[in-house]
Amino acid sequence: MSGMQSTAEARQEKFLANGRTRVILACGVLVAGLSTAAVVIVIPRLASAMSGMDVSTILIWLAIPVFIIAVGAEIVYLERRGKPYDYRDSATSIAGGLGYQLLNIPWALVELAIFAFVSSLVPWHLEGWAAWAVALVGVDFAYYWFHRAHHEIRVFWSVHVVHHSSESFNLTTALRTPWLVVTSLPFLVPLALSGIDGKIIAASYAINLLYQFGIHTEVIDKLWAPVEFVFNTPSHHRVHHGSNTEYLDRNYGGVLIIWDRIFGSFEPEGERAIYGLTKNVETYNIAKINAREIVALWRDVRNAATLSDKLGFLFRGPGWQPRPT
């Protein structure tokens with residue numbers, strides 16, 4: 001009797017697992033379809049209809065209901081499986097995201113003006129699907145170098161460290177963005193030299209960030225091998241957020257992981273990631289988290305004995321120290 005019961009339970013578990021797989025696949029197809037529709041139909045028309053407005057900020061704000069539903073579903077999923085969920089940590093991440101968006105509203109308009117000025121300097125202009133294709137791939141390429149620089153150059157790391165300060169890894173972690181919103185500009189401006197409308201560049205950057213929201217989760221395991229080879233996935237991004245020695249400064253890609261494979265920064269997921277920093281912040285205060293490393297950098301630069309050491313603290317990697325005299 002117990003053997004029959006075990007067989008029945010195994011069949012039920014297999015049915016449920018297959019059902020979950022079908023639901024995940026269906027959701028994936030739906031998200032892919034809606035994303036494609038947004039890129040192909042909605043966003044180009046939105047960009048042309050809202051002349052003078054910042055489309056990237058609009059897209060992020062429109063996505064907030066999706067964020068709320070997805071976060072709620074993740075919490076239910078984890079709690080039903082008895083996995084701990086740090087609500088205070090998530091509240092800190094959400095506060096960081098809201099602060100970023102409020103500060104980004106005026107700054108995004110400045111970015112658009114700069115993009116427009118730079119694109120006006122060249123005699124050629126890309127329009128239509130060519131502009132969108134170049135912008136989406138170009139933004140992702142620029143994001144790779146933006147992200148890598150923000151790990152390997154301390155003045156940038158002092159800003160980006162906010163995103164890595166959580167010791168949890170869930171969808172709300174994606175929202176923990178720094179309040180100093182200006183550091184992406186140097187990496188995106190070169191795209192304007194291709195003659196692409198600044199609103200298309202901004203919208204492409206927003207799409208890139210929206211994609212990355214979904215890869216901040218432990219709910220999704222490794223995906224189909226070809227997908228894992230080309231795209232940034234939850235598995236790859238768990239590595240990026242790990243403070244394990246072998247995971248430090250790896251997997252910088254935004255949408256595509258192929259940049260990491262090309263430029264030698266790829267690391268596959270092996271042992272379970274330990275999330276957070278090598279020295280954690282020990283606070284839920286988002287203002288203190290934003291200020292912590294910037295203040296530490298300022299102190300090091302102020303106390304440095306020589307100009308060379310000051311520049312070293314600014315532009316060498318985190319943890320760099322001058323040679324003892």
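No hydrogens, no waters, no symmetry mates; every other heavy atom, side chains included, goes into these values.
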**Message:** Before you tell me yes or no, could you show the steps for T183 and H150 under side-chain hydrogen bond (donor to acceptor under 3.5 Å, both in side chains), namely the whole-Å CA-CA distance, both residues' side-chain angles and the distance that decides it to 0.1 Å?
**Reply:** CA-CA 9 Å; T183 59; H150 278 66; 2.9 Å; yes
**Request:** With side-chain hydrogen bond (donor to acceptor under 3.5 Å, both in side chains) as the test, would you mind laying out the steps for S265 and Y144 before giving the verdict?
**Result:** CA-CA 10 Å; S265 54; Y144 171 84; 2.7 Å; yes
**Message:** Is there a side-chain hydrogen bond (donor to acceptor under 3.5 Å, both in side chains) between N170 and T172? Walk through the geometry before answering.
**Reply:** CA-CA 6 Å; N170 54 54; T172 65; 2.5 Å; yes
**Request:** Show the numbers, then the answer: is there a side-chain hydrogen bond (donor to acceptor under 3.5 Å, both in side chains) between N208 and D140?
**Result:** CA-CA 7 Å; N208 198 288; D140 198 58; 2.8 Å; yes
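A salt bridge links R272 with E218; the closest basic N to acidic carboxylate O contact falls under 4.0 Å. Checked for salt-bridge contact, D197 and K199 meet the test: a charged N lies under 4.0 Å from a carboxylate O. D89 has a carboxylate O that lies under 4.0 Å from a charged side-chain N of R176, or vice versa, which qualifies the two as a salt bridge. For D300 and R154, the salt-bridge test passes: some basic side-chain N is under 4.0 Å from an acidic carboxylate O.
Considering only heavy atoms from C-beta on, S184 comes within 4.5 Å of E111 through its side chain. Using a 4.5 Å cut-off on side-chain heavy atoms (C-beta onward), F67 and L171 make no contact. Side chains of H241 and H216 form a contact here, defined as non-hydrogen atoms less than 4.5 Å apart.
Looking at F313, F315, W157 one by one, the single match for ring pair (Phe, Tyr, Trp, His ring centres under 6.0 Å) with W320 turns out to be F313.
There is no path of hydrophobic side-chain contacts, each under 4.5 Å, that joins Y252 to Y275. Follow the hydrophobic side-chain contacts under 4.5 Å out from W179 and you never reach W298; the two are in separate clusters.
We find the CZ-CG distance between F156 and L297 to be 11.5 Å, quoted to the nearest 0.5 Å.
No close placement of the Y211 and F213 rings is indicated, their centers lying 6.0 Å or farther apart. Ring centroids of F146 and Y143 are separated by less than 6.0 Å, placing the two rings close together. Taking the centre of each ring, H240 and H151 come in below the 6.0 Å mark.
Nearest approach of V219 to E74, heavy atoms of both residues: CG2-CG, 3.9 Å. S165 and I289 make their closest contact through OG-CG2, 3.4 Å (heavy atoms, listed as atom of the first residue, atom of the second, distance).
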